[in-house]
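A short worksheet on the structure shown next.
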Amino acid sequence: MAVTDRTTSAIHTLIEVAQDPDSYIARWKSATGGKVIGALPMNFPAEIAHAAGALPVVIQEDREPITLGRNLLTEYNCGYSKNLADKAATGRLALYDGFFLADHCVQLLGALDVVREEVPEKPAYFGQLISSLSDAWTFDQVRLRMVGFRQALGEFTGNTIGDADLSRSIAIFNANAQLLQRLFADRRAGNAKFTSSQLQAIVKSSMIMDKEEHSALLSMVLADSDFVARDDRIRLHLSGHFCHSPKPELLELIEDCGAVIVDDDLYHG
């Protein structure tokens, strides 16, 4: 079965969104009139933001040279946090209506402080999740934190978040996650024809796009049987940074050398 024009178009759309998140965000805002939340990695409960009618976007590292951001954080900060600080200082976060963070990475907290300082007219909310997963009080503390997010996001959007809204958003996010899991299960089995840079773009675009729109495009791609073919190159697991992934050029170089990345713990993986 030949690759259909629809499938090719879907892949190109996902790649374009991954390469230029700002253009997608601007189109979404123009089409819906809704608010866009800039979420910092990781663990932000994006389903709550979706249930509130906002578009939760995990702010992506771009490829602009870091200028002002280098002086706003300590030298040992990671590239992602410096890039985020640079975006704030140079006006590259203008499309976002507010900023939310759930994790307690010290470097991300420093970057959020820079965002607060450089973009004072927009709200920045930090709901720290606890690190303990096994204590008797863990569940109640996490539940209270989620109640806090629900309250803050409702106030941010001006919308009431009902239980039915939450259930619908959770189902939408789960459906998208299941499609991505199918994609990577094929990859691990050596039965997928996608390149590593295409896979990275598919995952990265899922962090940016409306989940239903992303799922519709990904379903088109998965339905095309021409993208299922045995790949017998040397199989690699790639391990890397939590909050940013290697440049696509590096992934392409690995594959040009005769290997295929079948599994990873990369940020866009």
Exercise for the section: Please step through side-chain contact (heavy atoms from CB on, under 4.5 Å) for the pair Ser196 and Ile254, ending with a clear verdict. Expected result: CA-CA 9 Å; Ser196 296; Ile254 291 171; over 6 Å; no

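- By the 30° and 60° cut-offs, the orientation of the rings of Phe44 relative to Phe100 is tilted.
- Put simply, the residue from Val115, Leu129, Asn43, Leu109 that forms a side-chain contact (heavy atoms from CB on, under 4.5 Å) with Leu101 is Leu109.
- Leu222 contributes atom CG, which lies 7.5 Å from atom CG of Asp186 (distance to the nearest 0.5 angstrom).
- Interatomic distance, CG of Asp264 versus CZ of Arg188, reported as 8.5 Å (0.5 Å rounding).
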Problem - Pair Leu166-Arg150, side-chain contact (heavy atoms from CB on, under 4.5 Å): steps then yes or no - result: CA-CA 10 Å; Leu166 274 174; Arg150 186 172 179 172; 3.4 Å; yes

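- Rounding to the nearest 0.5 angstrom, the gap separating the CD1 atom in Ile130 from the CZ atom in Phe139 is 11.5 Å.
- The backbone N or O of Ala18 lies less than 3.5 Å from a partner atom in the side chain of Lys204, making a donor-acceptor pair.
- In terms of the salt bridge (charged side-chain N to carboxylate O under 4.0 Å, His left out) criterion, Asp265 has no residue partners (sequence neighbours excluded).
- The cluster map of Ile, Leu, Val, Met, Phe, Trp and Tyr, joined by side-chain heavy atoms under 4.5 Å apart, puts Leu199 and Leu266 in different clusters.
- Qualifying salt bridge (charged side-chain N to carboxylate O under 4.0 Å, His left out) partners for Arg92, counting only residues two or more places apart in sequence or in other chains: Asp62, Asp86.
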Practice task
Under the side-chain contact (heavy atoms from CB on, under 4.5 Å) rule, what do Ile37 and Asp97 come out as? Steps first, then yes or no, please.
Solution key: CA-CA 6 Å; Ile37 287 169; Asp97 297 295; over 6 Å; no

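- At a threshold of 4.0 Å, the pair Glu61-Lys87 does not count as salt-bridged, since none of the basic side-chain nitrogens sits closer than that to a carboxylate oxygen.
- A 6.0 Å sphere centred on CD of Glu117 holds no more than 12 heavy atoms belonging to other residues, nucleotides or ligands.
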Practice task
For side-chain hydrogen bond (donor to acceptor under 3.5 Å, both in side chains), just list the numbers for Asp135 and Thr138, CA-CA rounded to whole Å, side-chain angles, deciding distance to a tenth of an Å, and then say yes or no.
Solution key: CA-CA 5 Å; Asp135 289 308; Thr138 296; 4.8 Å; no

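- By the 4.0 Å N-to-carboxylate-O rule, Glu16 lies too far from Arg27 to be salt-bridged with it.
- One hydrophobic cluster holds both Phe184 and Leu218 under the rule that ILVMFWY side chains link at heavy-atom gaps under 4.5 Å.
- Applying the salt bridge (charged side-chain N to carboxylate O under 4.0 Å, His left out) rule to Lys122 yields no partners; only residues at least two apart in sequence or on another chain are considered.
- Both Val203 and Leu179 are part of a single hydrophobic cluster, where members link through side-chain heavy atoms under 4.5 Å apart.
- In terms of modelled atom types and a separation under 3.5 Å, the side chain of Glu118 and the main chain of Ala88 share no donor-acceptor contact.
- Although no hydrogens or angles enter the test, the distance criterion places a donor-acceptor pair under 3.5 Å between the side chain of Ser169 and the main chain of Ala51.
- Put simply, Met209 and Leu95 are part of the same group of oily side chains (I, L, V, M, F, W, Y) that touch within less than 4.5 Å, one to the next.
- Rounding to the nearest 0.5 Å places CG of Asp113 at 11.5 Å from CG of Leu72.
- Taking hydrophobic clusters as Ile, Leu, Val, Met, Phe, Trp and Tyr residues chained together by side-chain heavy-atom distances below 4.5 Å, Val119 does not share a cluster with Phe156.
- Listed here is the closest heavy atom pair of Ala52 and Leu153: CB-O, 4.1 Å.
- Inspection of the Gln19 and Tyr24 side chains reveals no N or O donor paired with an N or O acceptor under 3.5 Å.
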Problem - side-chain contact (heavy atoms from CB on, under 4.5 Å) between Ile59 and Leu93, intermediate numbers included - result: CA-CA 9 Å; Ile59 300 174; Leu93 296 177; 4.2 Å; yes

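- Put simply, the side chain of Arg145 gets close to the backbone of Gln128: a donor and an acceptor are under 3.5 Å apart.
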